[in-house]
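Notes to accompany the following structure.
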Amino acid sequence: MLEIPESYTIAKQLRKAVIGKTIAQVETASKPHSFAWYFGDPAQYHDLLAGETVTGASGFGMYVELELGEQRFVVGDGTNLRFYTAEEKLPPAHQLHIGFTDGCSLRCTVQMYGGMWAFPDGVNKDKYYLGAKAAISPLSEAFDSTYFASLLTDKTAKLSAKAFLATEQRIPGLGNGVLQDILWKTGIHPKRKMNTLSNDEFSVLFEVLKATIEDMTKCGGRNTERDLFGHKGGYVTTMSKNNVDMPCPKCGDNIKRFAYLGGNVYVCDTCQPLI
């Protein structure tokens with residue numbers, strides 16, 4: 001799933017791979033998918049984008065955006081975006097295909113759910129898209145201890161650690177995946193209420209959050225996800241689907257998995273006691 005490390009990594013790769021290329025064709029849904037979402041009528045995407053040249057690419061929150069003159073093309077969480085050279089064999093199925101005049105292409109596929117949106121700049125008023133674009137990223141200097149503290153209000157202090165960090169788009173792009181290692185490193189259980197954290201624990205949470213997301217991004221994303229070329233990220237997760245029932249590196253007890261707030265969480269009960 002696209003979270004901060006992956007969106008930034010893929011955008012960086014796009015800037016090297018496709019800036020300056022001109023779109024020749026756009027095809028949608030060779031294999032229809034009930035949970036593949038588009039902005040407006042995807043049948044109009046060819047007319048909207050054909051002939052446009054890629055001028056920029058950015059990653060923010062759970063989105064990757066291509067700038068195409070006055071047009072924009074955006075993929076969201078759940079969409080797999082891959083680049084193919086003219087010599088590579090293309091997979092048979094896709095939910096969206098962009099072909100460039102030099103024979104290279106981008107292909108989007110969706111497994112569970114995912115969004116692909118083409119629209120003139122300024123037209124998309126989706127609150128999640130606009131919120132992520134305007135948000136302060138943990139990768140920026142502006143995301144400092146004062147800003148992080150401002151997120152903890154009388155209302156959010158009653159939330160669990162997972163709910164505080166990964167819901168309601170308080171920190172766009174910090175989702176259930178990135179969350180796991182942050183909480184393990186700080187010794188905080190996902191269900192622990194924020195108002196039970198001491199000032200020191202809250203300060204450590206901020207420092208670990210910043211450092212972990214920066215590390216994940218520098219490594220090209222997590223090893224549970226794939227980049228623009230289909231390669232796994234270089235950050236090796238400690239708390240993920242890859243580590244269930246394996247010994248915790250800190251204490252040796254088994255890592256457990258359970259469902260919580262719409263997704264699986266991974267916990268060492270010894271290192272992350274539920275206080």
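For the numbers below, each heavy atom of this structure counts, side chains included, while hydrogens, waters and symmetry mates do not. Here the structure is a predicted model, which means the values were calculated and not measured.
Proximity of Leu139 to Glu214: side-chain heavy atoms (C-beta onward) are separated by under 4.5 Å at one or more points. You'll find the side chain of His97 stays beyond 4.5 Å of the side chain of Val26, heavy atoms only. With a 4.5 Å cut-off on side-chain heavy atoms, Cys251 and Cys268 count as touching. No side-chain heavy atom of Cys248 sits under 4.5 Å from any side-chain heavy atom of Thr270. When side chains are defined from C-beta on, Leu205 counts as touching Met194, because their heavy atoms get closer than 4.5 Å. With a 4.5 Å cut-off on side-chain heavy atoms, Leu183 and Gln272 count as touching. Residues Tyr266 and Pro190 have side chains not in contact (no heavy-atom distance under 4.5 Å, counting atoms from C-beta outward).
The pair Glu201-Arg192 meets the salt-bridge criterion, with a side-chain N (NZ, NE, NH1 or NH2) lying under 4.0 Å from an Asp/Glu carboxylate O.
In this structure, Thr196 contributes its side chain and Lys193 its backbone to a donor-acceptor pair below 3.5 Å. In this structure, Arg82 contributes its side chain and Asp227 its backbone to a donor-acceptor pair below 3.5 Å. When atom types are taken as modelled, the side chain of Gln95 and the backbone of Lys31 share a donor-acceptor pair closer than 3.5 angstrom. Of the possible polar contacts, one joining the Gln180 side chain to the Asn176 backbone as a donor-acceptor pair under 3.5 Å is found. Distance alone, capped at 3.5 Å, is enough to place a donor-acceptor pair between the Thr186 side chain and the Ile182 backbone. Side-chain atoms of Gln71 never come within 3.5 Å of backbone atoms of Leu49 as a donor-acceptor pair (strictly under, hydrogens ignored).
None of Phe119, Tyr45, Phe73 except one satisfies the ring pair (Phe, Tyr, Trp, His ring centres under 6.0 Å) rule with Phe39; the exception is Phe119. When the options Arg226, Lys12, Arg222 are evaluated for a salt bridge (charged side-chain N to carboxylate O under 4.0 Å, His left out) with Glu6, the one that passes is Arg222. For the side chain to side chain donor-acceptor pair (under 3.5 Å) test with Tyr235, the passing option among Asp181, Thr212, Thr9, Thr224 is Asp181; the others fail.
Hydrophobic clustering places Val18 together with Trp117 (ILVMFWY residues linked when any side-chain heavy atoms are closer than 4.5 Å, directly or through intermediates). Grouping the Ile, Leu, Val, Met, Phe, Trp and Tyr side chains by contacts below 4.5 angstrom, directly or via other members, places Tyr260 apart from Leu174. Connection of Leu165 to Ile188 is established within a shared hydrophobic cluster, with ILVMFWY side chains joined at heavy-atom distances below 4.5 Å, either directly or through further cluster members. By the criterion of side-chain heavy atoms lying less than 4.5 angstrom apart, applied directly or through intervening Ile, Leu, Val, Met, Phe, Trp or Tyr residues, Leu228 is grouped together with Val64 in one hydrophobic cluster. A continuous path of ILVMFWY side-chain contacts below 4.5 Å connects Leu261 to Val267, so both sit in one hydrophobic cluster.
The environment of Asp154 atom CG is sparse: at most 12 non-hydrogen atoms of other residues, nucleotides or ligands sit within 6.0 angstrom. More than 12 heavy atoms of other residues, nucleotides or ligands shown are found within 6.0 angstrom of CD on Gln25. Taking a 6.0 Å sphere around CG of Asn199, one finds it holds 12 or fewer heavy atoms contributed by other residues, nucleotides or ligands. Heavy-atom contacts from other residues, nucleotides or ligands closer than 6.0 Å to CZ of Phe35 number 12 or fewer.
Ring geometry, Phe164 versus Phe148: the interplanar angle exceeds 60°, so the pair is classed perpendicular (tilted spans 30 to 60°).
Of all heavy-atom pairs spanning Cys271 and Trp184, the tightest one is CB-NE1, 4.4 Å.
Judged by the 6.0 Å distance and 45° axis criteria, Lys133 is not positioned over the aromatic ring of Tyr63.
In this structure, Phe229 has its ring center at least 6.0 angstrom away from the ring center of Tyr84.
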